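In what follows, a structure is listed as structure tokens, so that the remarks can point back to it.
Every chain is numbered from 1, with letters handed out A, B, ... down the list of sequences. Model, not experiment: these values are computed from the prediction.
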Amino acid sequence: MADLDPGRYRDSDALALKWFQAGGRTIFVRPQDWEPTTSVGTLAGALLRDQGRTRDMAVLASLGQHHYLTTGHAEALFFRSARGAQRRMRKLEEWRLVTRWHQMEPRSVGGWRRHPDVFLLTARGATVLAHYLRSDPRPLIKRAFSAFQYAFHLDHALGTNGFFASLVQASRELPNQGLYHWLGDDGIRSAFQEHDPELSPDGFGRYLTADAEIGFHLEWDSGTERPQRLRAKARAALAAVRGHVLWVAPWPARELTIRSALERESSGRVAGFHTTHAGLLCAHGPLGPVWRPLEQDDRRPLSALPGRARGPLQIEDCLGKPGWWERRPGGTEGA
DNA sequence: TCCCCACGACTTTCTCGCTT
DNA sequence: AAGCGAGAAAGTCGTGGGGA
């Protein structure tokens with residue numbers, strides 16, 4: 001069994017998922033205030049001249065959709081090297097389109113471990129993005145401000161985002177697979193309006209294989225929710241979700257707790273629930289044989305889950321593939 | 001001495017506009 | 001269309017800070 005502490009994994013581990021977060025322990029060093037200024041002024045000219053503006057806008061769009069991206073997440077989605085991601089994010093920061101937080105995680109034995117910096121959209125970034133997308137900037141600014149001001153679930157968000165980023169990273173070199181859609185919780189909540197939006201899953205993904213489209217919702221568990229609430233979430237998913245729901249537990253025993261809650265709630269009904277835990281994800285990666293269906297013992301890879309026949313979506317347009325943002329300016333949620 | 005991350009310096013590759 | 005050059009972007013390597 002792999003060690004559960006993500007801090008123990010090294011770059012040399014073939015499938016190390018270095019940005020998986022340990023839940024709820026990290027502290028964030030952030031600027032005092034959110035910049036309320038929305039003037040874009042001289043920036044417009046610099047951006048228009050900039051060769052990488054399409055990618056920059058896709059970075060901003062992804063920040064608008066998922067709120068918190070680390071240097072590692074940005075690298076997985078948009079860059080081929082960590083240095084490239086660092087350089088570009090620094091530039092966006094200098095243009096005051098994004099703001100940066102440092103993360104430090106206290107170690108159990110004392111001391112601190114530095115994690116990659118976290119980037120958030122500024123008001124200026126939201127305005128520039130809205131201008132680029134020809135949309136109303138106000139909702140974008142409002143959501144970006146909320147992400148800055150009310151970052152209560154930041155660890156949880158980074159865990160969810162880290163899962164999808166690791167999926168992008170793991171599939172980017174595969175010629176006939178890829179993650180096409182990644183919807184954040186904002187995008188999913190609208191689909192849950194008829195139910196309790198508080199019970200909506202944490203993310204939605206559409207994974208393409210050679211002959212199938214596999215849609216799945218993600219539940220990223222922090223290990224703090226009571227079984228009662230787990231069952232409520234299971235009920236909501238049974239009512240509102242067609243397709244798979246993947247539950248990720250922080251440790252093996254917690255996975256068993258989740259499984260018993262799910263099995264109790266879904267007994268006798270068809271449920272596409274699968275579970276895993278962070279140790280397996282770190283050891284095998286998100287594409288490894290880690291997903292265990294309810295009332296079964298075997299674990300299977302994501303690509304082996306049943307899906308529907310491939311539609312017009314193209315593998316080469318999947319997230320992380322070369323230049324994907326050129327063809328999908330709407331970010332990870334767009335067509 | 002090692003780890004992790006950010007970043008500076010230098011080199012190489014790519015992109016774009018201009019000229020012929 | 002082809003060739004050229006300037007500047008931007010990307011690749012690589014080493015360093016530094018903060019920690020064990």
Side-chain angles (χ1 to χ4, degrees), chain A residues 2-31 42-63 68-122 125 128 132 154-155 157-159 161-162 165-166 168-169 172-173 278-279 281-283 285 316 319-327 329:
Chain A
D3 193 311
L4 292 183
D5 182 356
R8 296 288 186 87
Y9 291 93
R10 300 286 174 258
D11 278 344
S12 53
D13 297 350
L15 288 166
L17 303 172
K18 56 189 174 186
W19 50 71
F20 277 177
Q21 301 292 310
R25 294 188 287 140
T26 312
I27 66 146
F28 297 89
V29 184
R30 45 189 262 184
T42 55
L43 186 65
L47 271 176
L48 282 174
R49 284 191 301 274
D50 184 45
Q51 290 178 10
R53 62 185 173 277
T54 317
R55 183 175 57 188
D56 291 339
M57 290 302 116
V59 172
L60 297 185
S62 299
L63 274 174
Y68 313 101
L69 295 180
T70 67
T71 315
H73 301 162
E75 178 191 348
L77 283 164
F78 300 104
F79 301 91
R80 283 185 297 177
S81 70
R83 188 75 190 95
Q86 288 169 354
R87 249 193 304 247
R88 204 61 205 176
M89 296 311 288
R90 163 67 75 197
K91 192 134 193 168
L92 295 179
E93 187 185 18
E94 284 169 0
W95 285 340
R96 307 210 320 270
L97 299 173
V98 303
T99 186
R100 175 196 303 258
W101 295 354
H102 304 295
Q103 358 175 27
M104 302 294 286
E105 180 195 352
R107 287 181 181 273
S108 52
V109 292
W112 298 86
R113 175 176 186 261
R114 187 177 184 180
H115 281 284
D117 290 352
V118 179
F119 293 92
L120 295 84
L121 205 56
T122 60
V128 167
Y132 180 76
L154 182 45
D155 276 302
L158 288 176
N161 294 351
S166 73
V168 171
Q169 175 93 335
R172 65 189 304 171
E173 303 296 336
L281 277 179
C282 286
E316 57 264 32
L319 309 180
K321 306 291 186 189
W324 68 269
W325 53 85
E326 301 280 352
R327 303 177 292 279

Q. Near A:Arg80 CZ, under 6.0 Å, is it more than 12 heavy atoms from other residues, nucleotides or ligands?
A. no
Contacts of A:Glu316 meeting salt bridge (Lys or Arg N to Asp or Glu O under 4.0 Å) (sequence neighbours excluded), chain-then-number -> none
Between NE2 of A:His73 and C1' of B:dC5 the distance, given in whole Å, is 15 Å
Here the distance between atom P of B:dG8 and atom NZ of A:Lys91, to the nearest Å, is 13 Å
A:His102 NE2 to C:dG18 C1', in whole Å, measures 12 Å
To the nearest angstrom, the CD-P distance between A:Gln86 and C:dA9 comes to 16 Å
Here the distance between atom C1' of C:dG17 and atom CZ of A:Arg114, to the nearest Å, is 8 Å
- Query: Does any N or O in the side chain of A:Arg172 come within less than 3.5 Å of the main-chain N or O of A:Ala76, such that one atom is a donor and the other an acceptor?
  - Reply: yes
Sort me out a list of protein N/O and nucleotides 10-14 of chain C N/O pairs below 3.5 Å, or just none if empty.
unit_1, atom_1, unit_2, atom_2, d
C:dA10, OP1, A:Arg55, NH1, 3.0
C:dA10, OP1, A:Arg55, NH2, 3.0
C:dA10, OP2, A:Arg55, NH2, 2.9
C:dG11, OP1, A:Arg80, NE, 3.3
C:dG11, OP1, A:Arg80, NH2, 3.3
C:dG11, OP2, A:Ser81, OG, 3.4
C:dG11, N7, A:Arg87, NH2, 2.8
C:dG11, O6, A:Arg87, NH1, 2.9

Q.
Donor-acceptor check, side chain of A:Asn161 to backbone of A:Tyr68, threshold 3.5 angstrom: yes or no?
A. yes
Applying side chain to side chain donor-acceptor pair (under 3.5 Å) to A:Arg83 and not counting sequence neighbours gives A:Gln86
A:Glu93 CD to B:dA6 P, in whole Å, measures 11 Å
Whole-Å distance, A:Met89 CE to B:dA6 C1', equals 14 Å
Separation of C:dA20 atom C1' from A:His115 atom NE2, nearest Å, is 14 Å
Scanning both residues in full, the closest heavy-atom pair of A:Met89 with A:Ala74 reads SD-CB, 4.2 Å
